[in-house]
Amino acid sequence: MKYEPQKIEEKWQKKWEEEQTFKVNEDPQKKKYYLLEMFPYPSGKIHIGHVRNYTIGDVVARYKRMKGFNVLHPIGWDAFGMPAENAAIEHKIHPSKWTHENIDHMKKQLKRMGFSYDWDREVATCEPEYYRWEQLFFIWMYEKGLSYKKRSSVNFCTKCDTVLANEQVEGGLCWRCGTEVTEKVLDQWFFKITAYIEELLEYCDRLPGWPERVMTMQKNWIGKSYGCEVDFPMVGSEGAIKVFTTRQDTLFGATFMLVAAEHPLVMQLASGKPCEKDVRQFVEKVKKQDKLMRTSEYYEKEGLFLDSYCKNPLTGREMPIFAANFVLADYGTGCVMAVPTHDQRDFEFAKKFNLPLIVVIQPKDRELDAEKMTEAYVDEGVLVNSGQFNGMENTKVLEAIADFLESEGKGRRTIQYRLRDWGISRQRYWGAPIPMINCDKCGIVPVKEEDLPVVLPENVVFRPEGGSPLAALPEFVETTCPNCGGPAARETDTMDTFVESSWYFDRYCCPDHDVKPGLDRKALDYWMPVDQYIGGIEHAILHLLYARFYTKVLRDFGVIGVDEPFTNLLTQGMVCKETMKCKEHGYLFPEQAADGKCHICGQDVIIGKTEKMSKSLKNVIDPDYLVQNYGADTARIFCLFAAPPEKDLEWSNQGVDGSFRFLNRLWRIFDDYLEDIKAVPIALENVALEGDLKALRRKTHQTIRKVTTDIEDRFHFNTAISAVMELVNAIYAVKRPAADEKIALAVIREALEAAVLLLAPIVPHMTEELWQMLGHETSVADVAWPEFDPAIASEEAMTIVVQINGKLRSRMTVPVDEDAEKIKADALADEKIVALTKDARIVKVIYVPKKLVNIVVAS
RNA sequence: GCGAGAGUGGCGGAAUUGGCAGACGCACUGGACUUAGGAUCCAGCGGGCAACCGUAAGGGUUCAAAUCCCUUCUCUCGCACCA
């Protein structure tokens, strides 16, 4: 019988669905395991990255299930977002329709891959029953001061009448219409993630199951720095300019002051002075400068003297104050003390404006001369020109200067963070409405709980020029104030879609949307936290940080009982493929470039770099194509075999062939033996085996051991698969026993059954089929994971390597329980060793148990 | 610039705690079967005639280094004028 994946795959998928094989419920008797993969955005079709991500997750879910865990393995849709709205504008299809059609199609595709989801828990975040509770949590957050409205500057396109994300600004122009982007000050909603900043940071060191690099990225993103706030008194007026610095060791070298151009202080200082007009112009110019450009290293440093001075608090020196384009308004106090000798930016600025340089740190190996410096000295050294601190090492003087500033009342220790509050307002339609009402009399008033959800209206008009369709819909906007009953206007901003993805894993735990308040604490206590989370590295900061924050917020509301949502995180690599180009026709899809020729013009195809699969580079493999030509099982096993999960996977069509060939190879030998082994029970307990059969049985048990640890401890599916390949090769290597050689057939049956069970999480359809062919009646998904017998797995003889001075010189086979002294003696008596050591003096002999003997000789 | 990670045959990758480098697969070569083979099975496959040499390059620690340490180079990712 031939291996026909299409036939058997659809058969088993139907059966799993009918029998609800993967439906789960809370069961206090069983140990739970919550396996979660990042849910997809319903963009239209699943791509190979989804296949990889969900295959990895599926293997772990099925493996844990066979290990006896009560496994929660859900899926859903991150269904709000811009592409749906763009489709509405371009193709005149309602975002809701577009999204639901995509979900329907992708759902079919996922089912066709055979993933073991509990589909009863499926969630789509665009449903009012989902975002209803998010709106309630928003109101709770508002009441606690965790969500607030603030004026803040954003990228704005006047033609499209909308805010643009940083990513939507291309070279200072709007990505859609090409209009110059301006900064606009708008009232925006924020989540106060900074209220949890210390806890978020602290837990970075308490999540050992997360990859170090993700944690490092999060820590850097939070960006905690210890330093001092220092007061620089104004000259000729009251008050002082406050500055944040981490380099108080250079304070004596501060010779001028820089203020961010946007800082209100700038106009304040300039007002009434002759420079006022110029300053105003300068500020306007800087505000217009593109944010991306402005933060580029190569951007010209510009500044303007404000005709004002302040005083260095330690030296008393008068310092001119400048407005500068490169000072960040929203970090620290928006003002920086400039130390041109020890900061490159300040150095460049000082040279440009001919400002004084004072060296305050001298390197140990040479002497700096301020006159001759060509760049700032930023390394370690000893303080000079620094009063009582002279002679101290700059790295050690930080505390002393901080103490001094505090005792003199001229400054104080502070901590600064890079992380800003999370701006969640979007002037977009396809998102969860922010449940707030603006009343002229009462101000901002939350919608009453019993009036939730604020449902997104369907009958909106999408304007090709952009802008929020909600604001243009009077029946949505016009309402009454919940407080005073007077006329009021609804908030028309919607929430950032990252809000939905910050708690969808909670929703999966309790699919009943009608429980109040939204989530069932008992179910959450059983399932949460997520034991294993799997997804792309691209979410290392945003989604993972937001979800951690939101979990802490819900915890403080008593909704959930965990501090952190995800115990273990696996970040899988990207799927890449080489690009193919035709000189005339540009990038070609793989099917347009078969046999190395462009299918449009016949020219030779140019093979380009290996890049992440993307539509624009056309280096994509359609999962449907794989399913049709090879079946889901081949697609699954290839994704796992080609690379370990955390690394990028380079696509290889020949590799897919190889995987398909392996499945056929297993199928064939299984089919070949089927009739003979069907009747043979496994009863090898009291049978003494010899030779080939003994070796095969040993291999079987060794393979079980290896595959188990590879999956359990490391998620190294590629080596697990290669171990099974070795087992299958070993079965092929055994001489075909006759139909009446029952013991031999029993050994082979055991090996084949082991191969089937070990592969069951990886290629579930084929293994279900083979399992059934053997006469079993239960689903292979419900069979217990095989156990190995250490006695059978252990080798009776071991190969000991004999080295001379660490170089391989001979090998010997000895019984496993051989005495160490005997092994050493045997090694020295070995024919090759004797020949090589006869003229040398043996210094010592090292025996590494079960591995090698190293003979150290002196020549 | 700062931070993190990586660099092993023609290719993807193994080597789990410092202990036989190159498992497994792909590609390639040869053989068998065959009217035929792009199917299948079997064998070979880092370099070198060899002694030997080989894990980006150089140095070090060690009886022993792909693995640990130092220097350099290259690549990937993240942050990036954060004071």
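Order of the sequence lines fixes the chain letters, A, B, ..., with proteins taken first and strands second; residue numbering starts at 1 for each chain.
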Is any side-chain N or O of [X] closer than 4.0 Å to OP1 or OP2 of [N]?
| X | N | result |
| --- | --- | --- |
| A/N805 | B/rU62 | no |
| A/N220 | B/rA4 | no |
| A/Y417 | B/rC82 | no |
| A/R661 | B/rC26 | yes |
| A/R668 | B/rC41 | yes |
| A/R665 | B/rG25 | no |
| A/R345 | B/rC82 | yes |

If you check the [X] side chain, which of [options] turns out closest?
| X | options | answer |
| --- | --- | --- |
| A/Y331 | B/rA21, B/rA4, B/rA83 | B/rA83 |
| A/N729 | B/rC24, B/rA83, B/rC63 | B/rC24 |
| A/R714 | B/rC81, B/rC24, B/rA15 | B/rA15 |
| A/K844 | B/rA83, B/rA15, B/rC63 | B/rC63 |
| A/N854 | B/rC82, B/rC52, B/rC63 | B/rC63 |
| A/L328 | B/rC52, B/rA4, B/rA83 | B/rA83 |

Over all strands shown, is [X] touching base, sugar-phosphate only, or nothing at heavy-atom distances under 4.0 angstrom?
| X | answer |
| --- | --- |
| A/V336 | base |
| A/Q803 | base |
| A/G332 | nothing |
| A/Y732 | sugar-phosphate |
| A/N664 | nothing |
| A/S652 | nothing |
| A/R418 | base |

What is the separation between atom [atom1] on [X] and atom [atom2] on [N], rounded to the nearest whole Å?
| X | N | atom1 | atom2 | answer |
| --- | --- | --- | --- | --- |
| A/K612 | B/rC75 | NZ | C1' | 19 Å |
| A/N394 | B/rA83 | CG | P | 15 Å |
| A/F662 | B/rG12 | CZ | P | 22 Å |
| A/I637 | B/rC24 | CD1 | C1' | 11 Å |
| A/E726 | B/rG22 | CD | P | 13 Å |
| A/Q218 | B/rG78 | CD | C1' | 12 Å |
| A/F322 | B/rC81 | CZ | P | 22 Å |
| A/M217 | B/rA80 | CE | C1' | 13 Å |

Same-atom distance ([atom1]) from [N] to [M], integer angstrom:
| N | M | atom1 | answer |
| --- | --- | --- | --- |
| B/rA6 | B/rG13 | C1' | 14 Å |
| B/rG5 | B/rC70 | P | 13 Å |
| B/rA21 | B/rG30 | C1' | 27 Å |
| B/rC49 | B/rG38 | P | 32 Å |
| B/rA51 | B/rC2 | C1' | 50 Å |
| B/rC81 | B/rA14 | P | 37 Å |
| B/rA65 | B/rG18 | C1' | 6 Å |
| B/rC24 | B/rG19 | C1' | 22 Å |

Taking syn as within 90° of 0 and anti otherwise, name the glycosidic form of B/rG78.
->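 Anti conformation for B/rG78.
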Considering residues at least two apart in sequence or located in another chain, which fulfil the salt bridge (Lys or Arg N to Asp or Glu O under 4.0 Å) criterion with A/K219?
->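 Listed in chain order: A/D205.
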Which residues share a salt bridge (Lys or Arg N to Asp or Glu O under 4.0 Å) with A/D830, sequence neighbours left out =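 A/D830 satisfies salt bridge (Lys or Arg N to Asp or Glu O under 4.0 Å) with no other residue.
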Are A/K352 and A/E302 ion-paired here, with the side-chain N under 4.0 Å from a carboxylate O?
-> no
For the student: nearest non-hydrogen atoms of [X] and [Y], plus distance:
| X | Y | answer |
| --- | --- | --- |
| A/H263 | A/T333 | NE2-O, 3.2 Å |
| A/I621 | A/P590 | CD1-CG, 4.2 Å |
| A/M337 | A/D346 | O-OD2, 3.9 Å |

Is the closest side-chain donor-acceptor distance between A/D657 and A/Y630 under 3.5 Å?
-> yes
Of all residues at least two apart in sequence or in a different chain, which pass the side-chain contact (heavy atoms from CB on, under 4.5 Å) check with A/Y847?
->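 A/Y847 satisfies side-chain contact (heavy atoms from CB on, under 4.5 Å) with A/M798, A/I800, A/A820, A/I823, A/K824, A/P849, A/V853 once adjacent residues are dropped.
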Partners of A/D710 by side-chain contact (heavy atoms from CB on, under 4.5 Å), sequence neighbours excluded?
-> A/K706, A/R714, A/T719, A/A720
Determine, using ring centers only, whether A/W422 and A/F498 are less than 6.0 Å apart.
-> no
Do A/F322 and A/F349 have ring centroids that are under 6.0 Å from one another?
->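 Ring centroids of A/F349 and A/F322 are less than 6.0 Å from each other.
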Residues in contact with RNA chain B, drawn from residues 641-651 of chain A - heavy-atom cutoff 4.0 Å |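 Correct list: A/F641, A/A642, A/P644, A/D648, A/E650.
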Evaluate the ring planes of A/F715 and A/F717, with Trp represented by its six-membered ring, and classify them as parallel (under 30°), tilted (30 to 60°) or perpendicular (over 60°).
-> parallel
Nearest-nucleotide wise, let me know which of A/C335 and A/I846 is further upstream toward the 5' end of RNA chain B.
->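 The residue closer to the strand's 5' end, by nearest nucleotide, is A/I846.
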In terms of the nearest nucleotide of RNA chain B, which residue is placed more toward the 5' end: A/M337 or A/K807?
->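 Whichever sits nearer the 5' end wins; that is A/K807.
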Check: A/K706 side chain, B/rU16 base, donor-acceptor under 3.5 Å |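 For A/K706, whose side chain was compared with the base of B/rU16, there is a donor-acceptor pair (under 3.5 Å).
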Given that both pair distances must be under 3.5 Å and the pair must be Watson-Crick or G-U, what runs of three or more consecutive pairs involve RNA chain B?
->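 Looking at RNA chain B, the stems formed by three or more consecutive pairs are B:1-7 with B:73-79, B:10-12 with B:24-26, B:28-32 with B:40-44, B:56-60 with B:68-72.
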Under the side chain to side chain contact (heavy atoms under 4.5 Å, CB included) rule, what do A/I321 and A/F232 come out as? Steps first, then yes or no, please.
-> CA-CA 11 Å; A/I321 305 170; A/F232 287 69; over 6 Å; no
